[in-house]
Amino acid sequence: MASEANPRQGRPSMTSAMRSSSFIKEHQQYRPPSKPENHYGIDTVVEDLQASKISSPRQISPFNGIPSAENPPTIVESGVSHELSHPNCTSAPGTKYDKLVATLFYKSTSPRVSNTVHSPVRVPSPTRGQSPKPHASDSEFPPNMSPSSSIDTFPLEPPAGEPEPLDHLYGSHISPMCITSFLHLMSTFPLPPGSADLNSAHRCLKLDAAHDYHPTVVELTMSPAPSLDYLSLEDLRKHELIYRFEREWNTDVVLRSDTLWRRYPRLVVFDMDSTLITQEVIDLLAATIQDPPDLGARVADITHRAMLGELEFDGAFRERVKLLKGLPASIFTKLRPVLDVTNGVVPLLRALRKLGVKTAVLSGGFLPLTSWLAGELGLDYAHANEVVIDETTGRLTGEVKGRIVGKERKRELLIEIAEKEGIALEQVVAVGDGANDLLMMDAAGLGVAWNAKPRVQMEAGARLNGDSLLDLLYLFGFSGEDIETLIA
């Protein structure tokens, strides 16, 4: 009878189970081949290649077809490198992509806005030949005190932090990093259904010699445009991300649909005060009155509030004209040499005439000066307010004749001129700076806020804050070379 197996009899032996003296070597995940003679390293491969004959590479035939979107060919010949692709070409038959054009202007001379909240005290704008006066808050409210003396105007929240000025890090121009940042921003908006990628192309429209010939105006064409079901063009222009980008990179961004009418305007309408000229005419008139001594400041304050939209323009204008009662009618002739035409206006109008574009000035000021300025600059139309002059004394009565050229009347006049000239409103451009210009901007195909008040900057379709009104031509796709030809 066989004896029972001892439970300890099958105990393994370390020496018999291991093939080497290293436990780690035997149990590691990777083990070298059991036959080293069959393993070929890189040295062996190189030695074999040296002994063999390598066949000549296959001859590649030149490209003769249409490039594909998945793998666009690249032609490299005689030092020329060109990649063929079609993201921004005309749409294929039966398809249509809405393209969006973004024009980026670097604001080289525009100072940064401080985070400090100033008091609402207003001072009149200086007239020509006068130096600007310091802001009242600079002397009345030191930096370590409250921003307002009235509890009603005291801010309920601290001011938002100013974005980091990235142009100071990457260059005082439209840098490649600036363009990359903008394209990344635009890629966050949903595209139309069926669109996978956002394609883009750019053109440098202006190279500034003061910035080592770096671009300061760049035009970006993006295809397709963000989905209109998600965000309209008007809402996209006001988007917080666009505003923050402008603050970070010290730029103005103008967004427009890439339509035929964008490149071919036929009528450009201007406001006069603070647009075609740098002053407000009614303030110049008030400054000539010495009694009472504070009349100029009172009129300037009403003007400022009306331009901000705080006061209804028609009523504010009548109130200011009453304060001018008794001025001689000859004052309009005396003010002609004082008018300071905005930088860039003269060459801009010369270029528009060469292009066959009609021009008009619609002013909430006074017809005698507006008509004279229109004749000097060569504008086709001029409309403004007529004041009543006493035929006996030859002085202003303080009254206005007919309808006041306010926001509603400006809109009506713009439409009337366009209809008379047979011009579609899509080919009309309106330029202004005040709240009374908003309706005519809205009626035009493009409304441009020129160094405008905050509300106008937000509502207008485009905003320009440079030092030359000639920048308007860049919005039509003209390059710096084109503009030089037009203004010659």
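Computed from a predicted structure; not experimentally measured.
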| field | Pairwise side-chain contact, Leu352 with Leu473, heavy-atom cut-off 4.5 Å (strictly under) | value | yes
| said: Whether Asp442 and Arg411 form a salt bridge (side-chain N of Lys/Arg under 4.0 Å from carboxylate O of Asp/Glu) is what I want to check. | reply: no
| remark: Taking every heavy atom of Tyr213 against every heavy atom of Leu207, the minimum-distance pair comes out as O-CD2, 3.6 Å
| task | For Asn436 and Lys410, run side chain to side chain contact (heavy atoms under 4.5 Å, CB included): C-alpha distance rounded to whole Å, both residues' side-chain angles, the deciding distance at 0.1 Å, then the answer. | result | CA-CA 8 Å; Asn436 64 325; Lys410 283 189 175 185; 3.4 Å; yes
| message | Counting neighbours of CH2 on Trp261 that are heavy atoms of other residues, nucleotides or ligands and sit closer than 6.0 Å, is the number greater than 12? | response | no
| request: Assign the ring pair Phe366 / Phe317 to parallel, tilted or perpendicular, where the plane angle (0 to 90°) is split at 30° and 60°. | output: tilted
| task | Please tell me if the side chains of Thr103 and Val217 come closer than 4.5 Å, counting only heavy atoms from C-beta onward. | result | yes
| Just by distance, do the side chain of Asn385 and the backbone of Gly364 share a donor-acceptor pair under 3.5 Å? | yes
| said: Any non-hydrogen side-chain atom of Leu349 less than 4.5 Å from a side-chain atom of Phe270? | reply: yes
| Any idea how Tyr230 and Phe189 line up, ring-wise: parallel (<30°), tilted (30 to 60°), or perpendicular (>60°)? | tilted
| request: To the nearest 0.5 angstrom, please state how far the CD atom of Glu240 sits from the CD1 atom of Ile242. | output: 10.5 Å
| said: Please check if the number of heavy atoms outside Tyr243 that lie under 6.0 Å from its OH is greater than 12. | reply: no
| field | Aromatic ring proximity Phe332/Trp372, centre distance under 6.0 Å | value | no
| How far does CG of Leu205 sit from CD1 of Ile483, to the nearest 0.5 angstrom? | 8.0 Å
| task | Taking the side chain as every heavy atom from C-beta outward, state whether Asn451 and Leu464 have any atom pair closer than 4.5 Å. | result | no
| request: List for me each residue that meets salt bridge (Lys or Arg N to Asp or Glu O under 4.0 Å) alongside Lys238, sequence neighbours excluded, and say none if there are none. | output: Glu459
| said: Below 30° counts as parallel, above 60° as perpendicular, anything between as tilted: where do the rings of Phe476 and Phe478 land? | reply: perpendicular
| Partners passing side-chain hydrogen bond (donor to acceptor under 3.5 Å, both in side chains) against Arg237 (at least two apart in sequence or in another chain) | none
| task | Applying side-chain contact (heavy atoms from CB on, under 4.5 Å), name anything that partners Arg262, two or more places apart in sequence or on another chain. | result | Val101, Glu219, Arg256, Asp258, Thr259
| said: What verdict does the side-chain hydrogen bond (donor to acceptor under 3.5 Å, both in side chains) test give for Ser274 and Glu280, after you've listed the backbone C-alpha separation in whole Å, the side-chain angles of each residue and the deciding distance to 0.1 Å? | reply: CA-CA 6 Å; Ser274 298; Glu280 295 285 338; 2.9 Å; yes
| Is there a side-chain hydrogen bond (donor to acceptor under 3.5 Å, both in side chains) between Thr278 and Asp340 once you walk through the steps? | CA-CA 6 Å; Thr278 62; Asp340 182 26; 3.0 Å; yes
| query | Is Trp249 close to Ser175 at the side-chain level, that is, under 4.5 Å between some pair of heavy atoms? | reply | yes
| said: Please determine whether a side-chain nitrogen of the Lys or Arg among Arg463 and Glu246 lies less than 4.0 Å from a carboxylate oxygen of the Asp or Glu. | reply: yes
| request: Report yes if some heavy atom in the side chain of Val281 is under 4.5 Å from a heavy atom in the side chain of Leu339; otherwise report no. | output: yes
| Which pairs count as salt bridge (Lys or Arg N to Asp or Glu O under 4.0 Å) when at least one residue sits in residues 351-371, sequence neighbours excluded? | none
| said: Consider side-chain contact (heavy atoms from CB on, under 4.5 Å). Of Leu348, Asn343, Val346, Val341, which one does Leu469 pass it with? | reply: Leu348
| Pro215 and Cys204: which non-hydrogen atoms are nearest, and at how many Å? | CB-SG, 3.8 Å
| request: Could you tell me which residues satisfy salt bridge (Lys or Arg N to Asp or Glu O under 4.0 Å) with Arg336, sequence neighbours excluded, listed by chain and number? | output: none
| said: Treating Asn250 as the side-chain partner and Lys107 as the backbone partner, does any N or O pair qualify as donor plus acceptor under 3.5 Å? | reply: yes
| Side chains of Val269 and Val431: closer than 4.5 Å at any heavy-atom pair? | no
| Does Thr359 use its side chain to pair, donor to acceptor, with the backbone of Val268 at less than 3.5 Å? | no
| remark: Smallest heavy-atom separation, Ser257 atom then Leu233 atom, equals OG-CD2, 3.6 Å
| remark: Between Met222 and Ala102, the two heavy atoms sitting closest are CE-CB, 3.7 Å
| message | Taking side-chain contact (heavy atoms from CB on, under 4.5 Å) as the definition, give me every residue that meets it alongside Pro347, ordered by chain and number, with sequence neighbours left out. | response | Arg350, Leu470, Ile487
| For the atom pair CE (Met177) and CG (Leu169), what is the distance rounded to the nearest 0.5 Å? | 10.5 Å
| note | Tightest non-hydrogen contact, residues Pro192 and Pro226, listed as CD-C, 4.4 Å
| task | Could you list the residues that satisfy salt bridge (Lys or Arg N to Asp or Glu O under 4.0 Å) with Glu416, not counting sequence neighbours? | result | Arg409
| request: Please list, chain by chain and in numerical order, all residues satisfying side-chain hydrogen bond (donor to acceptor under 3.5 Å, both in side chains) with Lys407, sequence neighbours excluded. | output: none
| side chain to side chain contact (heavy atoms under 4.5 Å, CB included) between Leu198 and Met186, worked out | CA-CA 8 Å; Leu198 177 69; Met186 296 302 299; 4.0 Å; yes
| said: According to side-chain hydrogen bond (donor to acceptor under 3.5 Å, both in side chains), who are the partners of Asp235, at least two apart in sequence or on a separate chain? | reply: Ser232
| query | In terms of side-chain geometry, is the basic nitrogen of Glu248 or Arg244 positioned less than 4.0 Å from the acidic oxygen of its partner? | reply | yes
| Which atom pair, heavy atoms only, marks the closest approach of Asp271 to Gly432? | CB-CA, 3.9 Å
| request: For the residue pair Ile417 and Glu412, establish whether any side-chain heavy-atom pair is separated by less than 4.5 Å. | output: no
| task | Report the C-alpha distance between Asp167 and Tyr106 in whole Å, list the side-chain angles of each, state the deciding distance to 0.1 Å, and finish with yes or no for side-chain hydrogen bond (donor to acceptor under 3.5 Å, both in side chains). | result | CA-CA 9 Å; Asp167 62 309; Tyr106 182 72; 2.6 Å; yes
| said: Pairing donors with acceptors under 3.5 angstrom, does anything connect the side chains of Asn465 and Asp252? | reply: yes
| message | Apply side-chain hydrogen bond (donor to acceptor under 3.5 Å, both in side chains) to residues Ser479 and Asp482 and explain how you reach the verdict. | response | CA-CA 5 Å; Ser479 67; Asp482 298 332; 3.1 Å; yes
| task | Carefully, step by step, assess Asp433 and Val456 under the rule side chain to side chain contact (heavy atoms under 4.5 Å, CB included). | result | CA-CA 7 Å; Asp433 75 299; Val456 184; over 6 Å; no
| task | Return the set of residues passing side-chain hydrogen bond (donor to acceptor under 3.5 Å, both in side chains) with Ser371 (not counting sequence neighbours), or none when no residue passes. | result | none
| remark: Residue set satisfying ring pair (Phe, Tyr, Trp, His ring centres under 6.0 Å) with His184, at least two apart, ordered chain then number -> none
| Listed partners of Glu386 passing side-chain contact (heavy atoms from CB on, under 4.5 Å), at least two apart | Leu367, Lys401
